[in-house]
Amino acid sequence: MKAADLQRREFLLCGGAAAAAGLALLQIPLPAWGFPGRAGEEVVPWADQPPPHPRPQIVRRQLRWEELDSWLTPSERFFVITHYGMPAIEARNWQLEIAGLVRRPMALSLDQLRARPRREVVCTVECSGNHGFPFFIGGIGTAQWAGTPLAPILEEAGIADGGIEVVFFGADTGEERVRDITVRAPFARSMSVSDARDANLLLCYEMNGQPLPQANGFPLRLIAPGWYGIASVKWLSRIEVRDRRYMGRFMGRDYVTIREEQIGDQRLVVETSVGRALLKSAPARVTRVGDRYRIIGAAWGAPIERIELRVDEGPWLPASIDRSEEAEFAWKIWSWDWENATPGEHLITSRAIDAAGRVQPAMDDPVIASKRTYWESNGQVTRRVRLA
Ligand SMILES: Nc1nc2c(c(=O)[nH]1)N[C@H]1C(S)=C(S)[C@@H](COP(=O)(O)O)O[C@H]1N2
Ligand SMILES: [Mo]
């Protein structure tokens with residue numbers, strides 16, 4: 001997205017408090033972002049609707065792919081994951097602590113954070129559990145996030161000698177059983193000091209031009225562009241620099257990918273903490289105007305070079321990437337006009353190819369099939385559709 005466009009959109013989207021309040025009051029949808037829709041089109045629903053997620057207290061909302069009709073996901077359709085409930089935080093008494101192995105510990109109020117340099121980024125967030133059928137395919141969304149960069153704050157606080165790990169604590173806590181003890185633990189994720197210094201990390205207080213919704217982390221969350229969603233800690237309360245690796249549940253016991261690898265002459269598992277996002281795509285919706293069908297989808301997780309699409313067992317065919325809306329960490333929307341579509345049931349599969357020539361793996365590719373956990377599944381997504 002070009003800077004001039006961004007400015008125009010900022011103006012449209014959040015041109016001051018009055019405009020924002022007006023938008024909220026009138027329930028005006030997001031401005032019309034470019035999208036390969038057609039006048040008079042209707043959506044043909046997928047025939048393979050996923051059942052409700054088995055743990056609705058954790059996965060509270062998923063994207064309904066058929067509803068994808070704009071580059072940005074409206075906040076009320078954005079997926080929501082909560083592991084330890086949803087804290088209600090009053091901004092008035094809230095502060096973000098910067099603590100641990102820092103030379104100058106800090107405590108920043110929301111007003112102080114808002115007074116710092118503002119940065120906006122359009123960024124796709126995908127849950128690493130978004131592995132596909134049977135029940136989790138909609139753990140993804142793209143929003144315009146606004147906040148202040150983390151790196152200068154870490155610089156001001158000054159990481160002291162021996163600091164190797166930056167831990168992001170949320171205000172939400174839960175009971176955990178580890179071996180034979182039961183403990184109360186905060187939600188937390190960590191990064192190495194060098195990863196945490198990444199200029200793209202944002203302490204984010206706004207989503208789509210409005211204060212963060214409670215479900216998405218009010219008053220402040222981390223947005224870690226290029227990482228799976230678990231890294232973007234919501235209801236952020238404390239950032240702590242430590243001299244040990246942090247091994248809380250969401251680093252060391254859960255959100256751990258267990259994959260079989262060949263090590264010497266043995267098949268053994270290797271366990272790694274969920275990390276950076278991976279190249280992926282999915283068909284989003286089939287639309288029709290009369291008997292002219294179009295498939296629209298999204299691709300994300302790496303710099304996207306090409307998208308290919310396949311109907312049933314046919315050849316891989318190129319889709320067109322919508323270039324009207326682009327940002328480094330945002331999904332690309334693609335479309336494909338389905339010539340000579342025949343009535344009956346069809347399978348639609350997409351795959352993305354990144355700038356380095358890597359191809360999104362098939363579900364039976366060893367890199368996916370050798371996983372014993374479903375985390376970090378970027379396998380190709382196949383959807384079923386029935387044409388009249
Ligand atoms: N404090 C806190 N942060 C959290 C979570 C959580 O349960 N508590 N869930 C994580 C997970 S697993 C994901 S995928 C993203 C989801 O962000 P969203 O709910 O805004 O879509 O938030 C992450 N941050
Ligand atoms: Mo997640």
Side-chain angles (χ1 to χ4, degrees), residues 53 55-64 72-89 94 96 121-132 135-147 167-176 184-191 201-208 210-240 246 248-251 253-257 273-278 280 300-301 329 331 373-378:
H53 194 281
R55 294 162 84 188
Q57 293 296 82
I58 297 176
V59 180
R60 297 197 188 217
R61 194 192 295 142
Q62 292 195 56
L63 178 75
R64 269 182 54 83
L72 290 189
T73 313
S75 301
E76 61 280 4
R77 289 190 203 163
F78 203 91
F79 80 106
V80 172
I81 311 275
T82 61
H83 287 91
Y84 290 153
M86 208 192 290
I89 297 175
W94 173 93
L96 173 69
V121 61
V122 175
C123 175
T124 295
V125 178
E126 184 189 20
C127 178
S128 53
N130 194 43
H131 64 286
F135 56 81
F136 197 13
I137 61 170
I140 185 166
T142 298
Q144 185 181 57
W145 310 95
V167 191
F168 300 90
F169 290 97
D172 46 337
T173 67
E175 211 157 76
E176 294 293 340
R184 179 146 292 267
F187 182 94
R189 276 277 303 192
S190 68
M191 285 185 185
L201 294 192
L202 204 64
L203 297 175
C204 164
Y205 44 71
E206 263 180 39
M207 178 181 188
N208 292 331
Q210 300 284 323
L212 271 183
Q214 186 194 357
N216 305 96
F218 181 86
L220 191 80
R221 75 177 301 170
L222 185 67
I223 284 291
W227 290 74
Y228 274 114
I230 187 79
S232 291
V233 175
K234 303 192 281 187
W235 310 293
L236 203 56
S237 62
R238 183 177 168 87
I239 299 175
E240 198 178 303
Y246 177 79
R249 168 176 156 194
F250 300 99
M251 292 301 292
R253 301 196 301 284
D254 199 359
Y255 285 79
V256 168
T257 291
S273 192
V274 164
R276 290 176 195 278
L278 297 174
K280 192 168 171 183
W300 63 92
F329 295 105
W331 60 22
T373 47
Y374 59 58
W375 309 111
E376 302 182 281
S377 183
N378 65 327

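Keep in mind the model is a prediction, meaning the values are calculated, not measured. Along the sequence shown, residues carry numbers from 1. Whatever order the structure lists ligands and atoms in, that order sets their numbers, starting from 1.
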Show me the short polar-atom pairs for ligand 1: any N or O of it lying under 3.5 Å from a protein N or O, with distances only.
from: ligand 1; atom 1: 1 (N); to: Asp172; atom 2: OD1; distance (Å): 2.8
from: ligand 1; atom 1: 1 (N); to: Asp172; atom 2: OD2; distance (Å): 3.2
from: ligand 1; atom 1: 1 (N); to: Lys234; atom 2: O; distance (Å): 3.0
from: ligand 1; atom 1: 3 (N); to: Lys234; atom 2: N; distance (Å): 2.9
from: ligand 1; atom 1: 7 (O); to: His83; atom 2: N; distance (Å): 2.8
from: ligand 1; atom 1: 7 (O); to: His83; atom 2: ND1; distance (Å): 3.1
from: ligand 1; atom 1: 8 (N); to: Asp172; atom 2: OD2; distance (Å): 2.7
from: ligand 1; atom 1: 17 (O); to: Arg221; atom 2: NH2; distance (Å): 3.1
from: ligand 1; atom 1: 19 (O); to: Ile81; atom 2: N; distance (Å): 3.0
from: ligand 1; atom 1: 19 (O); to: Lys234; atom 2: NZ; distance (Å): 2.5
from: ligand 1; atom 1: 20 (O); to: Asn216; atom 2: ND2; distance (Å): 2.8
from: ligand 1; atom 1: 20 (O); to: Arg221; atom 2: NH1; distance (Å): 2.7
from: ligand 1; atom 1: 21 (O); to: Phe79; atom 2: O; distance (Å): 2.6
from: ligand 1; atom 1: 24 (N); to: Ser232; atom 2: O; distance (Å): 3.1

Check: Which is it for Tyr205 and Trp94 under the ring pair (Phe, Tyr, Trp, His ring centres under 6.0 Å) test, yes or no, and what are the steps along the way?
Finding: CA-CA 13 Å; Tyr205 44 71; Trp94 173 93; over 10 Å; no
**Asked** Who passes side chain to side chain contact (heavy atoms under 4.5 Å, CB included) against Pro211, sequence neighbours left out?
**Response**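 Here the qualifying residues are Phe218.
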message = Would you call the rings of Phe136 and His131 parallel, tilted or perpendicular, taking 30° and 60° as the class edges?
response = perpendicular
CZ (Phe329) and OG1 (Thr142) are apart, to the nearest 0.5 Å, by 13.0 Å
Quick note, side-chain hydrogen bond (donor to acceptor under 3.5 Å, both in side chains) partners involving residues 79-89, not counting sequence neighbours, are Arg60-Thr82, His83-Tyr255, Tyr84-Glu176
Margin query: Among residues at least two apart in sequence or on other chains, which ones pass salt bridge (charged side-chain N to carboxylate O under 4.0 Å, His left out) with Lys234?
Written below: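 Expected list: none.
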